Amino acid sequence: MSGGRPAGERPAGASPRPATFRELFAVREFRPLFGTYLLSTIGDELARVALTVLVYQRTQSPLLSAVTFAISYLPWLLGGALLSTLADRFPRHRVLIASDVARAVLVAGMAVPGTPLPVLLGLLFVVAACGPPFESARSALMADVLDGDRYALATSLTNVGSQVAQVLGFVLGGTLVAVLHPSAALLVNAATFAVSAVWLWARLQRRPAPDDGGAWEGPRSMWRDAAEGMRVIGRSARLRAIIAVTWVGTLFGTAPEGVAAPLVTQLGQGEAQIGVLLAANPAGVTVGGLLIARGLTQRRSEQLVPPLVVLSLVPVLLAGLVTVWWAPGQGAYAAVVALLFVAGLGAAWTIPLNVAFVQAVPQAYRGRAFGVAVSGLYGVQGIGVLAAGAAAEGVAPGWVIALIGGLGLLAVVPPLLGYARTQGHVAADRPTAGPSTS
């Protein structure tokens with residue numbers, strides 16, 4: 001599966017320098033794809049706060065409020081790979097617009113005062129089910145309209161924007177809930193989806209549905225499409241290696257979040273310091289992602305994936321040892337936070353690996369392949385956090401963190417060797433439409 005030029009890549013002879021933000025925002029279709037993503041993310045976080053408060057107000061049940069918060073992730077786990085096939089069955093701009101219109105209507109229905117709780121939770125699940133096709137179509141379309149280096153920069157910028165949008169959404173949601181009724185916050189969320197749909201409708205190019213070139217015969221179904229996407233991944237050593245690195249690296253990279261609270265206690269700090277500890281890794285990812293995407297070409301950043309993966313895990317091991325060996329106090333806590341920030345810098349390996357994954361998937365299968373990858377990511381994140389929490393029931397949190405880092409360094413070696421052997425492979429297919437240039 002090597003030899004073909006990725007969709008939208010610069011022609012031969014072009015300068016290999018990294019893309020600039022000016023070049024990125026000069027792409028006409030990137031602006032609505034990026035802007036609506038931020039808008040929807042703010043609205044999603046706002047709605048999570050509003051619904052959690054609304055359910056707690058009605059039931060006084062912490063468990064039900066937590067379930068409400070978690071429902072939005074269930075569709076990815078239960079049917080993300082299946083729902084993501086819609087991004088390859090229909091024109092991707094239509095999938096984006098239809099998903100936003102559906103969510104605007106459903107969220108507006110959730111804002112109706114007195115809606116029964118079972119109906120409210122059911123609507124929330126349906127709203128969340130619009131996420132996999134939307135995100136798969138958005139990711140695939142970003143690869144259609146941007147070349148390799150600009151796509152890498154866009155991925156980094158989207159990651160940074162996502163972090164900022166989540167903070168804004170939580171703050172705005174808390175403010176609206178405190179000043180107004182939770183239903184008002186839900187109406188604001190519905191408005192964000194409506195604005196997003198109009199923006200996408202007005203600014204995206206009309207492209208046909210991806211064409212697989214007749215590679216698969218017989219009637220199509222969502223189940224068959226999902227299976228075909230898995231086969232595409234299964235038959236490619238490059239894709240298998242990329243997904244293995246991604247899942248294993250993410251499994252051990254996010255597991256420390258499961259013991260953040262007891263770790264802070266072992267370090268002799270209060271509850272207020274938990275948030276800072278949890279923010280250290282994402283902050284590192286944000287800074288590292290910008291440095292890599294803006295300062296390096298895609299080829300060079302791909303070569304740095306193995307050392308970056310190691311960098312993302314060694315500080316986790318050291319943070320655990322610091323917690324165990326140092327006396328509790330501000331010094332030990334500050335050292336752990338600094339180490340987790342450095343681990344986040346290394347975790348920016350996700351950006352070049354994301355681009356490599358897109359380049360290795362045939363254009364017609366990007367939506368469903370993205371669905372398989374992301375569904376697995378949600379699964380391994382949950383497994384890692386739960387396993388860390390379970391281990392901390394009988395072992396000191398510091399030793400759990402050290403064990404996570406040490407086991408992660410061992411477990412990631414085979415996937416990294418497979419990644420190194422397949423480096424340079426891209427999908428050998430022709431895109432159905434070229435990249436946007438203005």
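Side chains are part of it too, since the values below use all heavy atoms of this structure and drop only hydrogens, waters and symmetry mates. This structure is a prediction, so every number in the text was calculated from the model and none was measured.
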Under a 3.5 Å distance rule, please check whether [X] uses its side chain to pair with a backbone N or O of [Y] as donor and acceptor.
X: Thr158; Y: Ala154; value: yes
X: Thr323; Y: Ala319; value: yes
X: Thr250; Y: Trp247; value: no
X: Gln266; Y: Gly398; value: yes
X: Arg103; Y: Ala190; value: no

Taking C-beta and beyond as the side chain, do [X] and [Y] meet within less than 4.5 Å on heavy atoms?
X: Trp349; Y: Leu304; answer: no
X: Leu124; Y: Leu120; answer: no
X: Leu204; Y: Leu141; answer: yes
X: Arg235; Y: Arg240; answer: no
X: Thr350; Y: Thr246; answer: no
X: Leu267; Y: Trp326; answer: no
X: Val248; Y: Phe252; answer: yes
X: Val145; Y: Leu33; answer: yes

If you measure from [atom1] on [X] to [atom2] on [Y], what distance do you get to the nearest 0.5 Å?
X: Leu106; Y: Leu186; atom1: CG; atom2: CG; answer: 12.0 Å
X: Phe134; Y: Leu86; atom1: CZ; atom2: CG; answer: 13.5 Å
X: Asp144; Y: Ser139; atom1: CG; atom2: OG; answer: 9.5 Å
X: Ile404; Y: Leu409; atom1: CD1; atom2: CG; answer: 12.0 Å
X: Leu340; Y: Leu263; atom1: CG; atom2: CG; answer: 7.5 Å
X: Ser99; Y: Leu200; atom1: OG; atom2: CG; answer: 10.0 Å

Minimal non-hydrogen separation, [X] against [Y], with atom names:
X: Cys130; Y: Ala102; result: SG-CB, 4.2 Å
X: Ala348; Y: Gly288; result: CB-C, 3.5 Å
X: Pro256; Y: Val316; result: CG-CG1, 4.0 Å
X: Gly320; Y: Ile401; result: N-CG2, 3.6 Å
X: Leu339; Y: Leu318; result: CD1-C, 3.8 Å
X: Pro315; Y: Val342; result: CG-CG1, 3.9 Å

| Asp100 and Leu96: side-chain contact (heavy atoms from CB on, under 4.5 Å), yes or no, with the steps? | CA-CA 6 Å; Asp100 271 344; Leu96 294 174; 5.8 Å; no
| request: Would you please test Ile242 and Thr422 for side-chain contact (heavy atoms from CB on, under 4.5 Å) and show each step? | output: CA-CA 9 Å; Ile242 291 173; Thr422 61; 5.8 Å; no
| Test: Arg92 and Glu29 ion pair at under 4.0 Å | no
| task | Could you go through the side-chain contact (heavy atoms from CB on, under 4.5 Å) check for Met110 and Asn189 one step at a time? | result | CA-CA 11 Å; Met110 294 165 60; Asn189 185 29; over 6 Å; no
| remark: side-chain contact (heavy atoms from CB on, under 4.5 Å) test vs Thr192 passes for just one of Thr41, Ile42, Leu39, namely Leu39
| query | Cationic tip of Arg138 within the cone over Tyr37's six-membered ring, i.e. under 6.0 Å and within 45° of the normal? | reply |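 That pair qualifies as a cation-pi contact.
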| field | Verdict with supporting geometry, Val305 and Tyr419, side-chain contact (heavy atoms from CB on, under 4.5 Å) | value | CA-CA 9 Å; Val305 165; Tyr419 169 81; 3.5 Å; yes
